[in-house]
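One structure below.
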Protein chains: 2
Amino acid sequence: MTPSSASTAQASNNDFYAAHDKLYVATDCIIFGFDDGDLKLLIFKRRVEPDSGIWSLIGSFVKIDEDVDEAARRVLKEITGLEEIYLEQSKTYGKAERDPGYRCISVAHYALMRINDHDRELTQSHGAFWYTLQELPQLALDHQDMVRDALDKLRRRARYQPIGFELLPEKFTIPQLQKLYESIYQRELDPRNFRKKVLSLKVLVKLDEKDKSGSKRGAYLYRFDSEKYQELLESGYNFEI
Amino acid sequence: MTPSSASTAQASNNDFYAAHDKLYVATDCIIFGFDDGDLKLLIFKRRVEPDSGIWSLIGSFVKIDEDVDEAARRVLKEITGLEEIYLEQSKTYGKAERDPGYRCISVAHYALMRINDHDRELTQSHGAFWYTLQELPQLALDHQDMVRDALDKLRRRARYQPIGFELLPEKFTIPQLQKLYESIYQRELDPRNFRKKVLSLKVLVKLDEKDKSGSKRGAYLYRFDSEKYQELLESGYNFEI
DNA sequence: ATTTTAAGCGTTTAAAATACGTTTTTTATT
DNA sequence: AATAAAAAACGTATTTTAAACGCTTAAAAT
């Protein structure tokens, strides 16, 4: 088969692929969760050769008739049982020698999920575990780079888009939200200024319930109002934490 | 050939590729230039079938033994004659149906270059032309999306990293720099505040020459001091325009 | 009852962004 | 030769936002 509608000047060359070689396309997922005041990553330990015992990100090859992001969603569902997960493309890793076994480029994606929502048995049956960033073991191939880059993207994006809420339960307290941002930005924030800031954004709805798990006094629960957020967006508002 | 060191849970499946089908990997380049006060894009018109007469970005397939970014650099050199161009990965386009001819994913890159540096004859011999964003014709496939996304990335990145200088000559005036940022951000900036801001960054060196092309009075030329910038970076400084 | 702890509300100070006035240098015009 | 025009260059005032920090409140533990 000859490419018929190549969009490029070089489309008519014939030297891209040696006949006996294949270029594979995969996707790897950097799955973030937030629990117990810490940002965590879901990684898994291979239990079959080759590389048995090595920790790595969760990934898959992209099927011939499948969108690349669809492949990432398929993997997420297989591992966590969840279909509606926040997913964003991170970066594509295309070094010719990145995988010693064969030529494969990987389109990394990062996902944000609520740890408590997932199917723990399913996750465990795949040999997957949650690790904090500090405890993260060595990962296979260039997966360490993938984590670094995804974390970088998450940090940048979290500041200007309300994606942090994807990591929290529907109802959360201001101190919980602060802990989340502290773990994303890796620095402490002033509780009084943080509260003032997030409430000034006008997208949090205060509920008539308190959460007592974090302190004696308990803190009011809030929820993120995404309709309000959409409205505000349309009238030229910009979110920033 | 069976993948030997697949990093994923699904590596042992056998259903990724039908035997008679192939998944191609390409790269397309969004090449930005700045001239005459306007941000421009280098695009080209196909002169052979299929799609003869259709404008598109410049791209190529990725060779089996070539890094993906290396492929992008190869294309840039073929088209412009330049080897040292600022190049950044933009995004990967992986919809199964994005190219009706065959399955191909494209890793888009954006490049920033000084329009006057390039080999005009070479560019012309490839049927490539510079267009302002306003005059841009319809582009093939999803190339319009690629332009939109790259422009978006450029805008975000230009604010916090000194990449704008890649689009200007070595020596430039403050008003020229302002025009560049105005065309990137698509909004007017106050000349007095702009000057104050960029000079406060301490990375511009004033030269003893004036450029008289832009006004009667002429404006002093400056150059970007990248050594100084690196130094400042290491002592926790952050650039922002 | 008193202490302790985090939640919640407030004020002050410092820094940055924005708005806008004035002077300077040169060319073009009268 | 004087004057007008235009952009460059420098400066100041005002507004907005960020950072620093004090105080009160609610509820559990002593």
Side-chain angles (χ1 to χ4, degrees), chain A residues 36-37 155-156 158-160 168-169 171-223 232 235-241, chain B residues 36-37 155-156 158-160 168-169 171-223 232 235-241:
Chain A
D36 198 22
R155 283 183 183 138
R156 289 177 201 282
R159 173 157 280 122
Y160 303 107
L168 290 175
K171 301 174 182 180
F172 52 85
T173 67
I174 307 278
Q176 277 165 14
L177 185 63
Q178 180 180 341
K179 278 218 156 42
L180 170 64
Y181 275 92
E182 287 180 333
S183 70
I184 292 175
Y185 297 153
Q186 301 277 51
R187 69 184 184 95
E188 297 205 339
L189 302 170
D190 181 283
R192 293 154 296 185
N193 291 336
F194 182 81
R195 174 183 299 273
K196 212 188 315 173
K197 179 85 187 173
V198 298
L199 291 177
S200 77
L201 296 172
K202 304 289 177 198
V203 289
L204 296 191
V205 179
K206 187 175 185 173
L207 305 176
D208 267 337
E209 285 175 79
K210 280 194 170 186
D211 174 279
K212 298 253 187 178
S213 62
S215 70
K216 306 168 192 175
R217 177 177 172 177
Y220 279 104
L221 286 163
Y222 287 79
R223 66 174 183 81
L232 288 169
S235 45
Y237 145 103
N238 76 317
F239 180 92
E240 181 177 345
I241 291 188
Chain B
D36 199 22
R155 281 182 184 139
R156 286 176 202 281
R159 174 157 279 122
Y160 303 107
L168 290 175
K171 300 173 182 182
F172 53 84
T173 68
I174 306 277
Q176 276 165 15
L177 185 63
Q178 180 181 341
K179 277 217 157 42
L180 170 64
Y181 276 91
E182 286 181 333
S183 70
I184 292 175
Y185 296 153
Q186 302 276 50
R187 69 185 184 96
E188 298 204 340
L189 303 170
D190 181 283
R192 296 156 293 188
N193 292 337
F194 182 81
R195 174 182 300 273
K196 210 187 317 172
K197 179 84 189 175
V198 297
L199 291 179
S200 77
L201 296 173
K202 304 290 178 199
V203 288
L204 296 190
V205 179
K206 188 176 184 173
L207 305 175
D208 266 337
E209 285 175 80
K210 281 195 170 187
D211 174 279
K212 298 253 187 180
S213 64
S215 71
K216 306 167 193 175
R217 177 176 172 180
Y220 279 103
L221 286 163
Y222 287 79
R223 66 174 182 80
L232 287 169
S235 45
Y237 145 103
N238 77 314
F239 180 92
E240 180 175 346
I241 291 189

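In what follows, chains carry the letters A, B, and so on, assigned in the order in which the sequence lines appear, proteins first and then strands, with residues in each chain numbered from 1.
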Complementary nucleotide for D:dT30 - Watson-Crick or wobble, under 3.5 Å: C:dA1
Roughly how far, to the nearest 0.5 Å, is the CG atom of A:Leu221 from the CD atom of A:Gln176? 7.0 Å
Under 4.0 Å, heavy atoms only, any strand: does A:Pro191 hit a base, just the sugar-phosphate, or nothing? nothing
Would you check if B:Phe172 and B:Asp211 make a side-chain contact, meaning some heavy-atom pair closer than 4.5 Å? no
Take the protein atom CD of A:Gln178 and the nucleotide atom P of C:dG8, then report the distance between them rounded to whole Å. 11 Å
Between C:dA16 atom C1' and B:Glu240 atom CD, what is the distance in whole Å? 10 Å
Which distance, rounded to the nearest 0.5 Å, do you find between the CG of B:Leu168 and the NZ of B:Lys179? 12.5 Å
Give me the atom names and distance for the closest heavy-atom approach of A:Glu240 to A:Lys197. O-CE, 3.0 Å
Please check: side-chain N/O of B:Gln178 versus main-chain N/O of B:Arg195, any donor-acceptor pairing under 3.5 Å? no
Could you write nucleotides 20-30 of chain C as a row of B, S and -, 5' to 3', where a protein heavy atom under 4.0 Å of any base atom gives B, of only sugar-phosphate atoms gives S, and otherwise -? BB--BBBB---
OH of B:Tyr185 versus P of C:dT18: gap in Å, rounded? 12 Å
What range of DNA chain D does chain A touch, first nucleotide to last, counting atoms under 4.0 Å from its heavy atoms? D:dA18 to D:dA28
Taking the side chain from A:Tyr220 and the backbone from A:Ile174, do they hold a donor-acceptor pair closer than 3.5 Å? no
Starting at atom CD of A:Glu182, determine the distance to atom C1' of C:dA6, rounded to an integer number of angstrom. 13 Å
Here the gap from A:Asn193 atom CG to A:Ser200 atom OG, rounded to the nearest 0.5 Å, amounts to 11.0 Å
Please find the pair of heavy atoms, one from B:Leu189 and one from B:Tyr181, that lie closest to each other, and give the distance. CD1-CB, 4.1 Å
Expressed as a whole number of angstroms, how long is the span from B:Arg195:CZ to C:dT18:P? 18 Å
Separation of C:dG8 atom P from A:Leu207 atom CG, nearest Å, is 12 Å
Residues B:Lys202 and B:Leu232: closest non-hydrogen pair is O-CD1, 4.3 Å
